[in-house]
Amino acid sequence: MAAKLIDGKALAQQIRAEVSGRTQALKARGVQPALAIIMVGDDPASAVYTKHKVNDSTETGLAATLERYPATMAENELLARIRTLNEDPAVHGILVQLPLPKHMDAHKVIETISPAKDVDGFHVASAGALMVGQPGFWPCTPHGCMKMLESIGYDLRGKHAVVIGRSNIVGKPMAMMLLGKNATVTICHSATQDLKAMTLQADVIVAAVGKRNVLTADMVKPGAVVIDVGMNTNDEGKLCGDVDFAGVKEVAGWITPVPGGVGPMTRAMLLVNTLEAAERAAR
Ligand code: GUN
């Protein structure tokens, strides 16, 4: 294997330890950082994710509550609950788990969350703050990817980063974060005509498509840093990313595994954002 592994699991553990320390310091000042999680309906994956979020929080000293509502909940009821949480000084972060039932407008729901408590970083105000380089909350997945690049001491200045995928919560914010570090950024997507021609130029590749084998060894410049955001299942039913790991690891300089890469980092960054929200409120 040519590539060095960026161990997201180990880095996330380190970040969680830092969160624990800062949480203790805040608690010593009488502030208990708290995250309110709302789940509507009974999507099995959402049930697992929200449970992880609660457990991750309590393990690092953050208080977390999970409110579960039936899929029949009226949108107005949900908006009213969010507004109440917005006004509650004991709650620092609010997270509404997605997807929401079809009768709800997810955009409207997210926009109802106070930007000061938007620890997912999905609010338009959070996206705007990232765009103009002002303090706000960064979405957890791309933020975690940036921490991984930072952990290997990678200097992005003047480097070419290619992001594959243009979602509002990964691809687009990822590009803005890379740009903020003075990288040259190309965003590719399903309509990109010659993806390989783009990725072969890249010093850093972030694959965030949600499809297996989007990136293969022939598409990677030797020594490039490859970050795999994908979460797919392979033929054996095991978790795998967007990158053909076995092939690409022979060409890349650095690579993130799946599992044990971006996933644990996403979870850790939610804790960082929640703590940050509490620290800002206490200032
Ligand atoms: N559903 C899947 N991932 C996420 C996430 O990061 N935040 C929220 N709110 N919902 C999700």
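Numbering of ligands and ligand atoms starts at 1, following listing order.
T233 and C240 get closest at one heavy-atom pair: C-SG, 3.9 Å.
For E87, the side chain to side chain contact (heavy atoms under 4.5 Å, CB included) criterion is met by no residue, not counting sequence neighbours. Residues passing the side chain to side chain contact (heavy atoms under 4.5 Å, CB included) test with L200, sequence neighbours excluded: K196. Applying the side chain to side chain contact (heavy atoms under 4.5 Å, CB included) rule to D203 yields the partners Y154, K159, H160, K221; only residues at least two apart in sequence or on another chain are considered.
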Short N or O separations between ligand 1 and the protein, below 3.5 Å:
unit_1	atom_1	unit_2	atom_2	d
ligand 1	1 (N)	Q97	NE2	3.1
ligand 1	1 (N)	L98	O	2.8
ligand 1	7 (N)	D120	OD1	3.2
ligand 1	7 (N)	D120	OD2	3.2
ligand 1	9 (N)	V96	O	2.8
ligand 1	9 (N)	D120	OD2	2.6
ligand 1	10 (N)	L98	N	2.9

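Contact annotation: the side chain of H92 never approaches that of E276 to less than 4.5 Å [non-hydrogen atoms, C-beta and beyond]. I164 places none of its side-chain heavy atoms less than 4.5 Å from the side chain of V206.
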